[in-house]
Asker: 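I am attaching a structure below and will ask some questions about it afterwards.
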Amino acid sequence: MPATLSPDPLEDMPATLSPDPPAEKPSSLTPDLLAKMDAYWRAANYLSVGQIYLKDNPLLETPLRLEHIKPRLLGHWGTTPGLNFLYVHLNRLIKENDLNMIYVIGPGHGGPGIVAMTYLEGSYTERYPAIERDRNGLRRLFRQFSWPYGVPSHVAPETPGSIHEGGELGYSLLHAYGAAFDNPDLIVACVIGDGEAETGALAASWHSNKFLNPARDGAVLPILHLNGFKIANPTVLARINRQELTDLIRGYGYEPHFVEGDVPAVVHQSLAGTLDRILAEIHKIQKAARFSPAAVKRPRWPMIVFRTPKGWTGPKFVDGKPVEGTWRAHQVPIANFKNPEHLAQLEGWMKSYKPHELFDERGKFRDEFSALAPTGHRRMGSNPHANGGELLQPLAMPHFHDYAVALPRPGSVEAESTRVLGIYLRDVMKLNLDRKNFRIFGPDETASNRLDAVYDVSGKEWMAKVEGVDINLSVKGRVMEVLSEHLCEGWLEGYLLTGRHGFFSCYEAFIHVVDSMVNQHAKWLKVSRKIPWRKPIASLNYLLTSHVWRQDHNGFSHQDPGFIDHVANKKADIARIYLPPDANCLLSIADHCLRSRNYINLIIAGKQPEWQWLDIDSAVRHCTAGAGIWRWASNDAGEPDVVMACAGDVPTLETLAAVTLLRAHVPDISIRVVNVVDLMVLQPQSEHPHGLEDQDFDELFTTDKPVIFAFHGYPAMIHKLTYRRHNHDNIHVRGYKEEGTTTTPFDMVVLNNLDRYQLALDAVQRVPRFSDQLGKATARYWTAMERHKLYISEHGEDMPEVRDWRWTL
Ligand SMILES: Cc1ncc(C[n+]2csc(CCOP(=O)(O)OP(=O)(O)O)c2C)c(N)n1
């Protein structure tokens, strides 16, 4: 579906800025409104400081004493007043314009601020009725913060209105864009810490504007929170000159609007005016795009540079050292309350917000101020987009059996598993085009991973320039391709967290780029499960292909199956790992994963032509069980000499080839072949819900026979999963041991001792009754190895007996 126009008008646009662009002009908040908004901000700041410091005396009705102070002071003040200031102003914008808006906070350590704001607007108490809107509620609100079994210091899943924890900096803008995709009425205000902006993920995130279509998607309003400092250092963006910063932001395709200062009244006016102008600009962009979607152009979206002091309104000096406007404001500006001056200073600081003006005698936020907040779902703490499960609609799914590879018997047909899956995904896409709730993500690899059938129904989203040579680019694409695993992951997370579905395909080795992001998402899911009001969201589905065993052409850099280990460390109620041995199993697994909720599903499958083993009915049975004896490949009649186990497509092939070798050379050997498709069946039931009961495990693997286990990943994983099983001492695992290079596919398995000759030798070696044959078997092995090495050196490809091998038993 090639795009026929170039939607990018920015390419030739000269920068028109003067060397020192003027700050935004003040606007016209009435004095009354300004005073009330300032009071609202003071209330939020008061509650933020209260949460960090106090366990009692929330309204300072008696002089502050040591016993009112928390014994452990945990929290971050520095970013909080800025976040609060922005929230108050976004509230005005929402209310005056009836906006559908959510707030993503990059510096998630500003948690006390968002808790305070959602408390003031009432969202918090609706989710947590014990935190009432009176003196008792305030006391509990303060006490629970960063308190054992209370609430975390960050904008956590517990925080109403949040889709972004922000503990690990770098992903705010990605989550914001993910939320905005396919949500045309939504505006996502996204605060980016100026420290956060130094991360690689955030630096690349600005380019998300080349993938957002104003006709179809919502808007993201990036707000760079230029408070100048990180924990202990200045930030880069605060120490380049204004023109350089402007050029950088314009270079990313945004129009910066500067709001700066440290005099609240001035900044209030400036921000209000700027937000009004920006909203008008957003509406203008959207109106133009929606008026003629076919001619949509990439706009220059507005963004805000919000330069205010770190720790604004906090203590200016503590112990003679400057705090407000410095890195010292980052966490807890005043500590060590053994010093009586500090107690007085904290009390003075808190009283500077004039709490008695803000809260009535019962501790309730006064109506004249609380009336400033939006109501119902318009409150950012109650917007259903920030609790995506509330909006989640199941996908319309094709019947996956219809895409099955037909095979008369095991090993009689070859197919590329991911290509088969691609046709199925094409139809998942097609069936959900109207619902606008499914996207496919990949770092420039959708076609390489053989999923290109999806382009028949949806192009690749692209708002930048299009040239004649390009194919499948479209301003309406639902396939998201950008060479950044960070961007793919972050967009997908944002998309899922706001109640939609997605699928991420990636080269196996490079998914590690997002290891840490996966950690964060897994943590989010784990915590969310225990929060009754957080509704389940669609699972995060990975297809890892172009995997370790078939990266022979790209070499060592592309060979790493360690993501399995990474995901396996996650909580059992989150992590699922599947190794379908063929296309029909892959279909069955993918269908299951797309229907599942709240999981991280890891699927690993090859894209090369491979022998197919199971017809679709057998595949469904096998995948439902998670592991099973392949009777057609076994001859054990219930009492094997050896169990040949395998997990992963290439290990399955090598195992079956080893079986044919053994049956040829050791005619009376009795072999059982067990294939594992759901890796977590290996764990005990007590550890993972998919874990087999011990008795079922023993029925597959026996209690006393040697198990030669050929595994896709690092061998230690199998030992880790099975160490409590009866037969563990007898499980001998072959897998990837960090040997690789640019070589033939078969040499890859040879280098790692996962090859059929090795597996066959292992079997003979481990069965006591064949000890007299070990010498001959070992000689056979070395002869085969010599033949293999000589052959590939001379011919550059694998031996015919390997290339042409097929299942004949
Ligand atoms: C990826 C990552 N690295 C390091 C940290 C530790 N850390 C927490 S806050 C912070 C400074 C953040 O600065 P900024 O983004 O400017 O936020 P603000 O100044 O508004 O607090 C750092 C380095 C982190 N949370 N995440």
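Order of appearance sets the numbers: ligands from 1, and atoms from 1 within every ligand.
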Asker: Taking the ring of Tyr87 and the ring of Trp41, is the distance between their centroids below 6.0 Å?
Answerer: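 When the ring centroids of Trp41 and Tyr87 are compared, they turn out to be at least 6.0 Å apart.
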Asker: Of all the non-hydrogen atoms in the protein, which one sits nearest to atom 14 (P) of ligand 1, and at what distance?
Answerer: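 Residue, atom and distance for the closest contact: Gly195 N, 3.4 Å.
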Asker: Would you find a donor on one side and an acceptor on the other, under 3.5 Å apart, between the side chain of His175 and the backbone of His164?
Answerer: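 Here the side-chain-to-backbone pair does not exist.
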Asker: For the backbone of Val236 and the side chain of Glu198, can you confirm whether one donor and one acceptor N or O come within less than 3.5 Å of each other?
Answerer: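 Yes, because the side chain of Glu198 sits within donor-acceptor range (under 3.5 Å) of the backbone of Val236.
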Asker: Among protein heavy atoms, which lies nearest atom 20 (O) of ligand 1, and at what distance?
Answerer: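 Nearest neighbour among protein heavy atoms for atom 20 (O) of ligand 1, to 0.1 Å: Thr79 OG1, 2.8 Å.
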Asker: Just need the protein heavy atom nearest to atom 7 (N) of ligand 1, so name the residue and atom and give the distance.
Answerer: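 Its nearest protein heavy-atom neighbour is Ile231 CD1, 3.5 Å.
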Asker: Whether the side chain of Asn183 engages the backbone of Gly218 through a donor-acceptor N/O pair (distance < 3.5 Å, no angle test) should be reported.
Answerer: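 No: the side chain of Asn183 does not pair with the backbone of Gly218.
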Asker: Can you check whether Asp262's main-chain N or O pairs, donor with acceptor, with Thr308's side chain at less than 3.5 Å?
Answerer: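 Here the side-chain-to-backbone pair does not exist.
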Asker: Does Thr199 approach ligand 1 within less than 4.0 angstrom via side chain, backbone, both or neither, non-hydrogen atoms only?
Answerer: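 It is neither; nothing of Thr199 touches ligand 1.
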Asker: Step through it carefully: locate the ring centre of Tyr542, locate the ring centre of Phe503, and say whether they are under 6.0 Å apart.
Answerer: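 Ring-ring flag for Tyr542/Phe503: false, centres at least 6.0 Å apart.
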Asker: If we set the cut-off at 4.0 Å for heavy atoms, which region of His76 has an atom near ligand 1: side chain, backbone, both, or neither?
Answerer: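 No part of His76 comes within reach of ligand 1.
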Asker: To check you understand the geometry: which heavy-atom pair defines the closest contact between Phe369 and Ala39, and what is its length?
Answerer: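 Closest approach of Phe369 to Ala39: CE2-CB, 3.4 Å.
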Asker: Show which atoms of ligand 1 fall inside a sub-4.0 Å distance from at least one heavy-atom site of His330.
Answerer: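 Here the atoms of ligand 1 in question are 9 (S), 11 (C), 21 (O).
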Asker: Does the residue Asp194 have a heavy-atom contact with ligand 1, meaning some pair of atoms that are separated by less than 4.0 Å?
Answerer: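 The answer is yes: ligand 1 sits under 4.0 Å from a heavy atom of Asp194.
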Asker: What protein heavy atom lies closest to atom 17 (O) of ligand 1? Include the residue and the distance to one decimal.
Answerer: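 Looking at atom 17 (O) of ligand 1, the protein heavy atom closest to it is His109 NE2, 3.6 Å.
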Asker: Is the shortest distance from a heavy atom of Gly167 to ligand 1 less than 4.0 Å?
Answerer: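 A heavy atom of Gly167 does come that close to ligand 1.
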Asker: Starting from atom 4 (C) of ligand 1, locate the nearest protein heavy atom and write down its residue, its atom name and how far away it is, to 0.1 Å.
Answerer: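 Nearest neighbour among protein heavy atoms for atom 4 (C) of ligand 1, to 0.1 Å: Leu169 CD1, 4.6 Å.
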Asker: Which atoms of ligand 1 have any heavy atom of Asn227 under 4.0 Å away?
Answerer: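 Contacts of ligand 1 toward Asn227, numbered from 1: 18 (P), 19 (O), 20 (O).
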Asker: Got a salt bridge between Arg92 and Asp276, using NZ or NE/NH1/NH2 to carboxylate O under 4.0 Å?
Answerer: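 Looking at Arg92 and Asp276, the cut-off is met.
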Asker: Pull out every atom of ligand 1 sitting under 4.0 Å from any heavy atom of Gly193, numbered as shown with elements.
Answerer: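 What qualifies from ligand 1 is 15 (O), 16 (O).
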Asker: For residues Tyr119 and Phe365, establish whether the separation of their ring centroids is below 6.0 Å.
Answerer: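 Ring centres of Phe365 and Tyr119 not closer than 6.0 Å.
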Asker: What atoms of ligand 1 come within less than 4.0 Å of a heavy atom belonging to Lys230?
Answerer: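 Atoms satisfying the 4.0 Å criterion: 11 (C), 13 (O).
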Asker: Considering only the protein, which heavy-atom contact is closest to atom 15 (O) of ligand 1, and what is its distance?
Answerer: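 Going atom by atom, the protein heavy atom closest to atom 15 (O) of ligand 1 ends up being Glu196 N, 2.8 Å.
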Asker: Between Ser270 and Val266, is there a donor-acceptor pair closer than 3.5 Å when you use the side chain of the first and the backbone of the second?
Answerer: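 Here the side-chain-to-backbone pair does not exist.
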Asker: Decide whether an N or O pair under 3.5 Å exists between Glu168 and ligand 1.
Answerer: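 By distance alone, the answer is no.
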Asker: In the protein, what heavy atom is nearest to atom 19 (O) of ligand 1, and what distance, to one decimal place, separates them?
Answerer: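 The closest one turns out to be Lys310 NZ, 2.5 Å.
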